[in-house]
Amino acid sequence: MNRKYDAIVIGAGQAGPSLAARFAGAGKSVAIIERHLFGGTCVNTGCTPTKTLIASARIAYDARRAHDYGIELPTASVAVDMRAVQARKKRIVDASKTGLENWIHGLQNCTVYNGHARFESARSVSVDGQVLTAEQIFINVGGRPRIPTFPGIGGVAFLTSTSLLELEELPRHLLIIGGSYVGLEFAQMFRRFGSDVTVIEKESRLLSHEDPEVAVEIKAALEAEGIQIRLEAECIELSHDAESVTANVHCSVGSPQVTGSHVLIAVGRTPNTGDLGLEKAGVDTDQAGFIKVDDELRTNVSGIWALGDCNGKGAFTHTAYNDYEIVAANLFGGNPRRRLSDRIPCYALFVDPPLGRVGLTEYAALAQGHAIRIGSRPMTRVARAAEKGETRGLMKVVIDARSNLILGASILGVGADEAIHSIIDVMAARVPYTTLQNTVHIHPTVSELIPTVLGELGPTTSK
Ligand SMILES: Cc1cc2nc3c(=O)[nH]c(=O)nc-3n(C[C@H](O)[C@H](O)[C@H](O)COP(=O)(O)OP(=O)(O)OC[C@H]3O[C@@H](n4cnc5c(N)ncnc54)[C@H](O)[C@@H]3O)c2cc1C
């Protein structure tokens, strides 16, 4: 059976549902196709479950150090009930997923299909034995954990960021292959739940996209909680016996083997574009499978757009949602037109202390040829951090010495995931750093130190 719509949206992740609702609200007929769970990665296996579990882990951590704050608890008996922790997570995830699902099903002019969508041509998509056609098709298929080809991996029951979220038993010793954003959040979370944790990273430092002093400080924070970190792990190789899994890591320092009870593979993500029939529509991808798009998220085929993680232009919920905003604004009469290149990259790493990031790091700014000035301050000199007893970290702002515009910032410290937004906003307003320097912030907050840091810039440097 053939059904014709004004628009088809493939994937109900972080861009698709809002776009479908926008079409429906404009009186257009729209089909949205989802093959698995409404809300996609973020709601079901990404942001929501991880941040919910991190909140539980933080309570365990706080309970153990209550004494430092003058509160006496029987810390020896602080116990983590993983079933209860998982049940709490499930409640929060389910509420979010169900809310979205009910909303989508309730939209007038919107038809929901549950099934795997595949292009049949540039204007048609098959799902569940039916063929749907539309003049406009939007791809929002997201990604999944990338599985590397390490020797031995085929014989080992490894975990991914998805399957680890379902564990109801606590790993005795969790090995984590990959010392980047996803791996580090899990490392601290499981350490706080009570597992031994070893992070295995092939680079010479964690978080190779961040400035070295930020990565060093995060490593120190994790090690202080008892997490083992193995860097320069060349030629990773996995094997197992009945009770354990071993990683041969060939690190320059330390034992060449690490043995644990479970292993998590956290080495990046791959787009869900291989089983979409893109070749039938003539849509181009790059070598890694990301769909190529222009500055307004259009693919090379007229009438087809790609939004969210599958276009490789962002790897976050806020970037996927911003893709929706760009496409919707341009399709529904936005003036001026919105573009991808106007987006300022920003994100957070939700370890403790969190890292809030925007724009360029110092090293990226120098590599791009900017003459820069740096303002920085350790968190030990931030009153609110001292009051909270959480003085690990630093804040660092990178200024373009010629224009006085802020190029980027890293805030690593308590409250950093919120404090970074004052810098994001000033960058978006495209005003000189002096505007922020002269703004009064509330005392005592972490944010109040940002104007102070901007008043203490170092000399101009360039490459
Ligand atoms: C462990 C983890 C933690 C994360 N934490 C954060 C965080 O704290 N903050 C943040 O901003 N981001 C975080 N992310 C990233 C965030 O989850 C993603 O960037 C975001 O979900 C991308 O949204 P999307 O709409 O592009 O794709 P997705 O959310 O992945 O949605 C794509 C949807 O398309 C469906 N689909 C795929 N192929 C087809 C098909 N052929 N037919 C029909 N349907 C299909 C999928 O089932 C899925 O529902 C995290 C990710 C992970 C893995």
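When a ligand or atom number is given, it counts from 1 through the structure's own listing order.
- Side-chain contact of S126 with E120: a donor-acceptor pair under 3.5 Å is present, judged by distance alone.
- For atom 31 (O) of ligand 1, the nearest non-hydrogen atom of the protein is G13 CA, 3.2 Å.
- From the protein, the heavy atom lying nearest to atom 52 (C) of ligand 1 is G46 CA, 3.6 Å.
- For the pair F316 and ligand 1, the shortest N or O to N or O distance falls below 3.5 Å.
- Put simply, CD on E203 and OG on S180 are 9.5 Å apart, with the number rounded to the nearest 0.5 Å.
- For ligand 1, the atoms closer than 4.0 angstrom to any heavy atom of T50 are 1 (C), 3 (C).
- Between E169 and H262, the side chains place a donor N or O and an acceptor N or O closer than 3.5 Å (distance only, hydrogens not considered).
- A donor-acceptor pair shorter than 3.5 Å can be found between the side chains of D323 and N311.
- Looking at F350 against ligand 1, only its side chain comes within 4.0 Å, counting heavy atoms.
- Considering backbone and side-chain atoms alike, E185 places every N or O at 3.5 Å or more from each N or O of ligand 1.
- Residue C42 holds the heavy atom nearest to atom 21 (O) of ligand 1 of all those in A320, P49, G115, C42.
- Applying the 4.0 Å criterion to heavy atoms of R269 picks out, from ligand 1, the atoms 53 (C).
- Contacts of L276 with ligand 1, taken as heavy-atom pairs under 4.0 Å, involve the side chain alone.
- The G40 neighbourhood of ligand 1 comprises atoms 29 (O), 31 (O), 48 (C), 49 (O), with distances under 4.0 Å to a heavy atom of that residue.
- Between the side chains of N272 and R144, at least one donor N or O lies within less than 3.5 Å of an accepting N or O.
- Counting only non-hydrogen atoms, the option in C47, A15, A12 that gets closest to atom 4 (C) of ligand 1 is C47.
- Residue nearest to atom 48 (C) of ligand 1, selected from H36, K51, E34, R144: E34 (by heavy-atom distance).
- In this model, a donor atom of one side chain and an acceptor atom of the other lie less than 3.5 Å apart for E210 and Y181.
- Residue-to-ligand polar distances place D309 within reach of ligand 1: an N/O pair is separated by less than 3.5 Å.
- Annotation: atom 37 (C) of ligand 1 to nearest protein heavy atom, V141 O, 3.2 Å.
- Remark: K89 NZ is packed, more than 12 non-hydrogen atoms of other residues, nucleotides or ligands lying under 6.0 Å away.
- Between H318 and F316, the ring planes lie parallel to each other; the angle is under 30°, not in the 30° to 60° tilted range.
- The proximity of A348 to ligand 1, defined as any non-hydrogen pair under 4.0 Å, does not occur for either the backbone or the side chain.
- In this model, no donor atom of one side chain and acceptor atom of the other lie less than 3.5 Å apart for H240 and T246.
- Among the candidates R343, R339, R338, the single residue satisfying the salt bridge (charged side-chain N to carboxylate O under 4.0 Å, His left out) test with E296 is R339.
- Protein heavy atom closest to atom 41 (N) of ligand 1, with residue, atom name and distance, is A117 O, 3.1 Å.
- Environment of CD in E168: crowded, with over 12 heavy atoms of neighbouring residues, nucleotides or ligands closer than 6.0 Å.
- Within ligand 1, the atoms closer than 4.0 Å to a non-hydrogen atom of A315 are 15 (C), 19 (O), numbered from 1 in the order shown.
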(request) Evaluate the salt bridge (Lys or Arg N to Asp or Glu O under 4.0 Å) criterion for residues D62 and R65: first the C-alpha distance (whole Å), next the side-chain angles of each, then the deciding distance (0.1 Å), finally the verdict. (result) CA-CA 5 Å; D62 282 344; R65 60 192 199 118; 3.5 Å; yes
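- Given atom 27 (O) of ligand 1, the protein heavy atom at minimum distance is G142 CA, 3.2 Å.
- In terms of protein heavy-atom proximity, atom 29 (O) of ligand 1 is nearest to T41 N, 2.9 Å.
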Which pairs of donor and acceptor atoms, one on a side chain in residues 18-30, lie under 3.5 Å apart (sequence neighbours left out)?
unit_1: S29; atom_1: OG; unit_2: D6; atom_2: N; d: 3.0
unit_1: S29; atom_1: OG; unit_2: D6; atom_2: OD2; d: 3.4

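- Within the listing of ligand 1, atoms 49 (O) sit less than 4.0 angstrom from a heavy atom of L37.
- Between N140 and ligand 1, a contact under 3.5 Å exists for at least one N or O pair.
- Among R118, R35, H318, K97, the residue whose heavy atom sits closest to atom 39 (C) of ligand 1 is R35.
- Between K219 and E223 there is a salt bridge, with a side-chain nitrogen of the basic residue lying less than 4.0 Å from a carboxylate oxygen of the acidic one.
- Counting atoms of ligand 1 from 1 in the listed order, those under 4.0 Å from a heavy atom of I33 are 43 (C), 44 (N).
- Each of the following atoms of ligand 1 lies closer than 4.0 Å to a heavy atom of G308: 26 (O).
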